[in-house]
Amino acid sequence: MQPLRVTIWNEYLHELEHDTVAAIYPDGIHGALRQLVLERWSDAVVTTATLRERDHGLSDELLATTDVMLWWGHKAHAEVSDAWAEKVQAAVLSGMGLVALHSAHLAKPFKRLMGTHCSLRWREADEKERLWNLQPSHPIMAGVPDQFELAQEEMYGERFDIPEPDELLMVSWFQGGDVFRSLCTWQRGHGRVVYFRPGHETYPTYHDPHVRTVIANAALWARRRLTRSDAKSPRVTEFESVPNPTKEHI
Ligand code: ZN
């Protein structure tokens with residue numbers, strides 16, 4: 001198998017603006033994600049890109065040669081240009097995988113791919129989160145126990161305004177009583193889309209071994225399997241002769 005080509009896109013603002021976040025993620029959230037991918041898939045080719053780089057760190061060539069993109073964003077979704085959001089969406093339709101993490105539920109490319117508001121209920125109350133594994137035989141669940149807990153997380157609650165997932169792999173329960181569809185997959189065009197809930201920036205969630213396993217597995221599962229744009233409808237001239245309808249046919 002060819003080495004997995006991963007692009008990690010991160011907004012990279014909280015880490016620069018808040019000491020508490022910088023202490024948890026000294027190399028940025030993208031740095032922690034990069035590390036977890038390389039920990040599992042040591043021959044992966046990992047590129048990182050951040051919001052305020054030129055073209056958000058993206059290029060047409062990078063999108064064409066990315067097998068799967070991880071996306072974390074929160075407070076500056078609006079700063080992502082519509083043009084690049086459309087290009088990321090088109091890349092997925094052509095075969096690239098997208099793993100949207102935590103507050104990327106409102107990221108422009110994810111919303112475009114879903115076609116819904118992707119809104120949800122939320123609360124920051126340092127709550128315990130318990131994630132339940134609903135599909136232990138699914139490749140993304142390899143090595144993930146039947147349930148695991150995060151000592152403190154932000155709560156995301158239903159209703160999560162997403163289209164019905166093709167697969168629902170994990171459900172979260174929170175100390176305050178709320179539940180949430182935490183790990184969902186969809187096929188869009190030729191690409192696979194994954195949403196995984198945990199990852200609020202003020203908690204060390206991306207250092208949790210089970211969370212790291214899920215993300216690494218999701219990156220592999222969602223990888224590009226082919227590249228095919230289907231962007232235009234070709235006019236075809238070949239046809240098979242159709243017999244004239246007879247009365248019986250009508
Ligand atoms: Zn958050």
Side-chain angles (χ1 to χ4, degrees), residues 8-36 48-52 56 69-80 85 88 98-114 116-132 148-162 165 169-184 193-215 218-219:
I8 297 168
W9 193 92
N10 181 22
E11 187 176 274
Y12 195 37
L13 296 179
H14 292 286
E15 301 95 314
L16 299 177
E17 294 170 6
H18 304 287
D19 291 345
T20 48
V21 182
I24 299 168
Y25 298 114
D27 301 319
I29 287 172
H30 54 296
L33 297 173
R34 179 177 189 276
Q35 190 192 43
L36 78 84
T48 59
T50 56
L51 174 67
R52 293 198 176 157
H56 314 314
M69 179 174 284
L70 311 188
W71 191 286
W72 195 100
H74 178 223
K75 60 191 272 184
H77 297 307
E79 281 188 43
V80 174
V88 172
L98 178 71
V99 180
L101 297 168
H102 187 58
S103 37
H105 68 94
L106 289 181
K108 284 184 180 178
F110 181 73
K111 287 184 68 179
R112 280 171 171 267
L113 287 159
M114 295 296 106
T116 53
H117 295 109
C118 301
S119 54
L120 47 78
R121 296 165 55 254
W122 62 279
R123 169 173 68 230
E124 284 184 65
D126 295 339
E127 286 170 74
K128 177 162 72 179
E129 176 178 8
R130 183 176 297 151
L131 292 105
W132 292 91
F148 65 90
E149 287 184 0
L150 301 171
Q152 291 189 322
E153 251 293 355
E154 177 183 16
M155 186 283 289
Y156 276 7
E158 299 283 349
R159 185 177 180 265
F160 186 15
D161 185 34
I162 46 172
L169 304 182
M170 298 199 92
V171 165
S172 286
W173 164 90
F174 294 87
Q175 208 169 348
D178 299 84
V179 294
F180 189 77
R181 289 170 288 172
S182 263
L183 180 57
C184 306
V193 180
V194 178
Y195 174 79
F196 187 40
R197 194 216 78 82
H200 188 64
E201 66 277 2
T202 59
Y203 306 112
T205 299
Y206 294 129
H207 298 309
D208 178 87
H210 300 311
V211 169
R212 292 167 79 86
T213 296
V214 170
I215 294 171

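Just so you know, ligand 1 is whichever comes first in the structure, and atom 1 is the first atom listed for that ligand. Position 1 is the first residue of the sequence, and the numbers go up from there.
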Exercise for review: On the 0 to 90° scale, with breaks at 30° and 60°, tag the F110-Y195 ring pair as parallel, tilted or perpendicular.
Suggested key: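 Geometry flag for Y195 against F110: tilted rings.
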Check your understanding: Which pairs with one or both residues in residues 195-207 pass salt bridge (charged side-chain N to carboxylate O under 4.0 Å, His left out), sequence neighbours excluded?
Key ->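 Passing the test, one end in residues 195-207: E129-R197, E153-R197.
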Exercise for review: Output yes when D178 and R123 qualify as a salt bridge under the 4.0 Å nitrogen-oxygen rule, no when they do not.
Suggested key: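 Salt bridge: yes.
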Check your understanding: Would you say the side-chain atoms of E11 pair up with the backbone N or O of L13, donor to acceptor, closer than 3.5 Å?
Key ->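 No; zero donor-acceptor contacts below 3.5 Å.
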Check your understanding: Can any side-chain N or O of R212 pair as donor or acceptor with the backbone N or O of Y206 at less than 3.5 Å?
Key ->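 A pair under 3.5 Å: yes.
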Practice item. Would you sort out whether L33 and L101 count as a side chain to side chain contact (heavy atoms under 4.5 Å, CB included), showing the intermediate values? Key: CA-CA 11 Å; L33 297 173; L101 297 168; 3.7 Å; yes
Exercise for review: Count, excluding waters, the protein N, O or S atoms that are closer to the Zn ion (ligand 1) than 2.8 Å.
Suggested key: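 If we list every protein N, O or S atom nearer than 2.8 Å to the Zn ion (ligand 1), we get 3.
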